[in-house]
Amino acid sequence: MIDLRKLAEPGSIEESLLEKIDLNRLPRHIAVIMDGNGRWAKSRRLPRVEGHRAGIASVREIVETAARLELGVITLYAFSVENWKRPRFEVATLMMLLKEYLRKELATLMENNIRFVPIGRIEGLDPSVQRELRYAEEQTAKNTGLLFQIALNYGGRAEIVDTVNRIMTTLREKEMTDAVIDEAFFGDHLYTANVDDPDLLIRTSGELRVSNFLLWQIAYAEIHVTKVLWPDFRKQHLFEAIIDFQSRERRYGGVEPGEQEMFVEQQSAEGDSEK
Ligand code: IPE
Ligand code: IPE
Ligand code: MG
């Protein structure tokens with residue numbers, strides 16, 4: 001049962017937003033492109049890395065809120081395969097902050113029954129980072145609440161290529177020489193095999209692009225872009241994104257429910273008049 005008292009203080013903005021949310025129609029999986037840390041720091045005349053440091057408070061609040069809303073999955077884009085192009089110091093600081101976060105937050109993840117899973121080319125990260133990730137993943141493996149995926153050294157195209165290679169391995173091992181690949185089989189070889197696709201994709205800082213994130217999985221995600229920079233992104237903004245999501249009509253290429261019947265009626269009326 002969702003405990004509303006843990007989600008908003010009485011009389012707060014969060015409470016008034018929460019009242020607008022239909023708790024029976026929450027997205028099951030929310031994916032977030034956490035962007036704008038550099039600009040947040042720049043606007044304060046601080047070095048970029050201070051933006052990353054400040055962004056950790058947002059991660060903490062959003063993951064905890066997702067758990068309290070009893071969502072199924074949250075996926076946060078933390079480091080892309082393209083982000084290696086950044087200055088060495090920035091990359092090193094990001095990795096240091098990640099390790100620090102994992103060490104500090106493990107207890108909270110356990111308390112909130114959160115299962116932590118990194119996705120991406122994890123083998124390409126520094127061994128000390130891999131160790132911390134593995135430890136957090138193992139410790140939380142039996143938790144049954146929110147699945148918290150963090151995308152690290154992640155690229156959507158890299159994932160698709162890795163998937164093709166995994167499929168080739170399966171085919172070789174199982175000697176499936178005549179196999180015809182379908183979408184379900186492909187999906188079962190993604191990093192996110194067994195995880196439902198995101199219903200809602202949030203991007204902070206106003207940029208209108210997907211930057212190589214979950215290309216296969218976001219085929220039918222609703223997209224919410226906010227100008228809020230990631231270090232300023234709080235529970236209130238997550239609630240706003242969910243309200244926006246709930247105002248959308250998801251058609252998956254079909255027509256609105258109700259529209260179908262109208263069309264049939266119209267056709268039969270036209271048919272009648274031709275008689
Ligand atoms: C997002 O913030 C964090 C990472 C990509 C690691 P940025 O560092 O991209 O911030 P901006 O886009 O430069 O403001
Ligand atoms: C996307 O942000 C990657 C992450 C949030 C980890 P970037 O800041 O790297 O993306 P671009 O360069 O604006 O497309
Ligand atoms: Mg950016």
Side-chain angles (χ1 to χ4, degrees), residues 29-63 66 73-102 104-105 116-126 128-130 132-133 136 148-162 190-192 195 198 200-218 221 223-234 237-238 241:
H29 180 175
I30 298 182
V32 188
I33 302 175
M34 310 186 285
D35 198 16
N37 295 353
R39 277 161 282 171
W40 183 92
K42 194 174 172 202
S43 72
R44 285 167 176 72
R45 297 170 182 279
L46 293 168
R48 291 181 55 81
V49 292
E50 290 310 315
H52 300 318
R53 197 184 303 281
I56 292 179
S58 308
V59 172
R60 203 173 285 134
E61 179 160 326
I62 296 314
V63 170
V73 190
I74 188 146
T75 304
L76 303 183
Y77 199 9
F79 193 84
S80 74
V81 288
E82 285 83 16
N83 287 148
W84 295 107
K85 291 181 206 156
R86 296 186 177 204
R88 267 175 86 108
F89 175 70
E90 181 173 345
V91 172
T93 307
L94 276 166
M95 295 302 155
M96 195 266 296
L97 289 169
L98 170 65
K99 287 193 276 186
E100 204 175 281
Y101 168 83
L102 289 172
K104 280 197 189 148
E105 285 310 294
F116 172 83
V117 175
I119 58 168
R121 291 186 170 162
I122 303 305
E123 67 285 358
L125 298 169
D126 186 84
S128 68
V129 177
Q130 291 188 46
E132 296 286 347
L133 289 169
F148 168 22
Q149 301 187 116
I150 187 157
L152 289 165
N153 196 18
Y154 177 89
R157 288 185 172 183
E159 178 174 17
I160 290 170
V161 168
D162 289 350
L190 288 164
Y191 302 154
T192 57
V195 178
L200 170 61
L201 172 67
I202 299 173
R203 182 162 188 152
T204 59
S205 90
E207 233 67 77
L208 295 172
R209 53 176 174 263
V210 294
S211 299
N212 205 7
F213 190 40
L214 300 176
L215 297 182
W216 174 277
Q217 296 90 334
I218 60 171
I223 301 177
H224 173 86
V225 176
T226 169
K227 287 223 163 68
V228 175
L229 305 174
W230 178 252
D232 293 325
F233 193 88
R234 286 290 176 279
H237 307 108
L238 183 69

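Start at 1 and go down the list; that is how both ligands and their atoms are numbered.
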### Task
State the atom name: nearest N, O or S atom of D35 to the Mg ion (ligand 3).
OD1

### Task
Would you check if L201 and V210 make a side-chain contact, meaning some heavy-atom pair closer than 4.5 Å?
yes

### Message
One residue to check: R39. Relative to ligand 2, which of side chain, backbone, both or neither has a non-hydrogen atom less than 4.0 Å away?
### Response
neither

### Side-chain (Y154) to main-chain (P118) donor-acceptor, under 3.5 angstrom
no

### Task
Considering the heavy atoms of N83, write down every atom of ligand 1 situated less than 4.0 Å from one of them.
5 (C)

### Task
Under 4.0 Å, heavy atoms only, figure out whether ligand 2 is touched by the backbone of F213, its side chain, both or neither.
neither

### Query
Is it the side chain (CB and beyond), the backbone, both or neither of K85 that lies under 4.0 Å from ligand 2, heavy atoms counted?
neither

### Query
Going by the order shown, which atoms of ligand 1 are within less than 4.0 Å of some heavy atom of H52?
3 (C), 8 (O)

### Query
How close does the nearest protein non-hydrogen atom get to atom 14 (O) of ligand 2, and which residue and atom is it?
S211 OG, 2.6 Å

### Query
Where does the angle between the aromatic ring planes of W230 and F233 fall among parallel (under 30°), tilted (30 to 60°) and perpendicular (over 60°)?
parallel

### Heavy-atom pair of closest approach, residues P231 and A54
CB-CB, 3.9 Å

### Task
For the Mg ion (ligand 3), decide whether E207 has an N, O or S atom at a distance under 2.8 Å.
no

### Summary
Heavy-atom nearest pair, P198 first then Q217, reads CD-O, 3.5 Å

### Query
Can you find a non-hydrogen atom of G36 under 4.0 Å from ligand 1?
yes

### Task
Please report which non-hydrogen protein atom sits nearest to atom 2 (O) of ligand 1, along with the residue it belongs to and the distance in Å to one decimal place.
N37 N, 3.2 Å

### Message
For K99, is the NZ atom crowded, meaning more than 12 foreign heavy atoms sit under 6.0 Å from it?
### Response
yes

### Message
So, regarding W40 and ligand 1 (criterion: nitrogen or oxygen to nitrogen or oxygen, under 3.5 Å), is there a contact or not?
### Response
no

### Query
For residues T192 and Q149, is any side-chain donor paired with an opposing acceptor at under 3.5 Å?
no

### Task
Taking only heavy atoms of R48 into account, list the atoms of ligand 1 that are under 4.0 Å away from them.
7 (P), 8 (O), 10 (O), 13 (O)

### F79: numbered ligand 2 atoms lying under 4.0 Å from its heavy atoms
6 (C)

#### Entry: Atom indices of ligand 1, in the order listed, that fall short of 4.0 Å to a heavy atom of A78
6 (C)

### Query
What residue and atom, counting heavy atoms only, is the protein's closest point to atom 1 (C) of ligand 1, and at what distance?
M34 O, 3.0 Å

### R209 N/O to ligand 2 N/O under 3.5 Å
yes

### Message
Check the orientation of W84 and F79. Use parallel for under 30°, tilted for 30 to 60°, and perpendicular for over 60°.
### Response
perpendicular

### R157 atom CZ, over 12 foreign heavy atoms within 6.0 Å
no

### Query
Is any N or O atom of D35, backbone or side chain, closer than 3.5 Å to an N or O atom of ligand 1?
yes

### Message
Looking at every non-hydrogen atom in both residues, tell me the closest pair between R234 and S58 and how far apart they are.
### Response
NH1-OG, 2.9 Å

### Task
Looking only at non-hydrogen atoms, find the nearest pair between E159 and Y191 and report the distance.
OE2-N, 2.8 Å

### Task
Give a yes/no on ligand 1: does R86 have at least one heavy atom closer than 4.0 angstrom to it?
yes

### Task
Using distance alone, determine whether Y77 and ligand 2 share an N or O pair under 3.5 Å.
no

### Task
Taking all non-hydrogen atoms of both residues into account, name the closest pair between N37 and H52 and its distance.
ND2-ND1, 3.0 Å

### Query
Would you say G38 and ligand 1 have an N/O pair spaced under 3.5 Å apart?
yes

